[in-house]
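Notes follow once the structure below has been shown.
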Amino acid sequence: DGGITQSPKYLFRKEGQNVTLSCEQNLNHDAMYWYRQDPGQGLRLIYYSQIVNDFQKGDIAEGYSVSREKKESFPLTVTSAQKNPTAFYLCASMGQGSQPQHFGDGTRLSIL
Amino acid sequence: AQSVAQPEDQVNVAEGNPLTVKCTYSVSGNPYLFWYVQYPNRGLQFLLKYITGDNLVKGSYGFEAEFNKSQTSFHLKKPSALVSDSALYFCAATTTSGTYKYIFGTGTRLKVLA
């Protein structure tokens with residue numbers, strides 16, 4: 001079945017540590033996205049990429065970094081500069097502009 | 001600024017009754033509108049979309065939505081609610097400008113009471 005796989009499902013970060021969240025899709029979609037979800041705030045866009053080797057900052061990119069070396073993969077690194085990383089992180093992909101985004105099942109990040 | 005508003009944090013409805021979850025939007029150009037549902041600790045699942053054409057859009061699980069251009073609204077509806085419909089619902093918008101960026105509402109929690 002085609003879809004988006006996020007791993008791990010749960011992740012814990014120690015202070016000063018960088019952590020990387022994985023997102024892989026086999027839908028052959030060009031565009032990929034990372035969102036942060038906090039209670040009562042909906043989804044906020046962190047980074048997005050429309051093609052391989054290119055990505056743009058979203059609304060809350062500070063403290064995060066991404067890469068897009070392959071069409072299928074769009075990993076997100078939460079750096080130590082992100083002082084409040086505890087949240088539910090969602091990855092999505094999309095084909096053409098009028099199509100719906102497809103979401104993975106998320107990674108819940110907490111601080112130890 | 002472009003935005004999507006879901007004015008109700010929570011909607012309660014009795015099982016078997018009709019339900020409505022409200023959404024209004026403010027975007028430049030012609031909007032593409034979407035509804036998604038989220039169950040606990042899961043990603044968002046697509047329910048339906050409006051791109052163009054009929055103002056009444058039918059989607060998954062018996063849901064439908066009505067696009068109203070003059071009121072800039074896209075309310076989600078279902079004629080008869082099920083307990084299993086209880087979840088978090090998100091409205092989203094983008095435009096034909098091709099930026100590929102979605103604008104999401106803050107979500108509405110639907111509780112269907114048995």
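Below, chains carry the letters A, B, ... as their sequence lines are ordered, and counting in each starts from 1.
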What about A/Tyr33 and A/Val66, same hydrophobic cluster or not, with Ile/Leu/Val/Met/Phe/Trp/Tyr joined at side-chain heavy-atom distances under 4.5 Å?
no
Over 12 foreign heavy atoms within 6.0 Å of CZ, A/Arg13:
yes
Hphob cluster co-occupancy, B/Tyr39 + B/Leu76, side-chain heavy atoms under 4.5 angstrom:
yes
Cluster link A/Tyr35 to B/Phe90, ILVMFWY, side chain under 4.5 Å:
yes
So with a 6.0 Å cut-off around NZ of B/Lys22, is the heavy-atom count from everything else above 12?
no
Residues of residues 104-114 of chain B with any heavy atom under 4.5 Å of a heavy atom in chain A
B/Phe104, B/Gly105, B/Thr106
Below 3.5 Å, can you tabulate the donor-acceptor pairs from side chains in residues 51-66 of chain B to any protein atom, sequence neighbours excluded?
from: B/Lys58; atom 1: NZ; to: B/Glu64; atom 2: OE1; distance (Å): 2.9
from: B/Glu66; atom 1: OE1; to: B/Lys77; atom 2: NZ; distance (Å): 3.4

Quick check: under 4.5 Å, non-hydrogen atoms only, which of residues 102-112 of chain A neighbour chain B?
A/Phe103, A/Gly104, A/Asp105, A/Arg108
Rounded to the nearest 0.5 Å, the CD atom of A/Gln99 sits from the CZ atom of B/Phe34 at a distance of 7.5 Å
Once you round to the nearest 0.5 Å, how far does CD of A/Gln101 lie from CZ of B/Phe46?
11.5 Å
Given heavy-atom pairs under 4.5 angstrom as the criterion, report whether the side chain, backbone, both or neither of B/Ile103 touches chain A.
neither
More than 12 heavy atoms of other groups within 6.0 Å of A/Glu62 CD:
no
Chain A interface, residue from B/Leu88, B/Leu44, B/Asn41 that has the most non-hydrogen pairs under 4.5 Å
B/Leu44
If you look only at distance, which donor and acceptor atoms sit under 3.5 Å apart when one is on a side chain in residues 74-81 of chain A and the other is two or more places apart or in another chain?
from: A/Thr77; atom 1: OG1; to: A/Thr20; atom 2: OG1; distance (Å): 3.0
from: A/Thr79; atom 1: OG1; to: A/Gly63; atom 2: O; distance (Å): 3.0
from: A/Thr79; atom 1: OG1; to: A/Ala81; atom 2: N; distance (Å): 3.2

With no hydrogens and no angle check, is any side-chain donor or acceptor of B/Lys101 less than 3.5 Å from a backbone partner on A/Leu45?
no
Nearest-0.5 Å distance, CD of residue B/Gln38 to CZ of residue A/Phe88:
6.0 Å
Under a single-linkage definition using a 4.5 Å side-chain heavy-atom cutoff for Ile, Leu, Val, Met, Phe, Trp and Tyr, are B/Leu47 and B/Leu33 assigned to the same hydrophobic cluster?
yes
Check each atom of A/Gln37 against the heavy atoms of chain B and say whether the ones under 4.5 Å are side chain, backbone, both or neither.
side chain
Out of curiosity, does B/Tyr36 fall in the hydrophobic cluster containing B/Leu48 (side-chain heavy atoms, cut-off under 4.5 Å, transitive links)?
no
CA sep, side-chain torsions, deciding dist, call: B/Tyr102, A/Tyr48, side-chain contact (heavy atoms from CB on, under 4.5 Å):
CA-CA 11 Å; B/Tyr102 277 32; A/Tyr48 67 105; over 6 Å; no
Heavy atoms from other residues, nucleotides or ligands near NZ of A/Lys9 exceed 12 (cutoff 6.0 Å)
yes
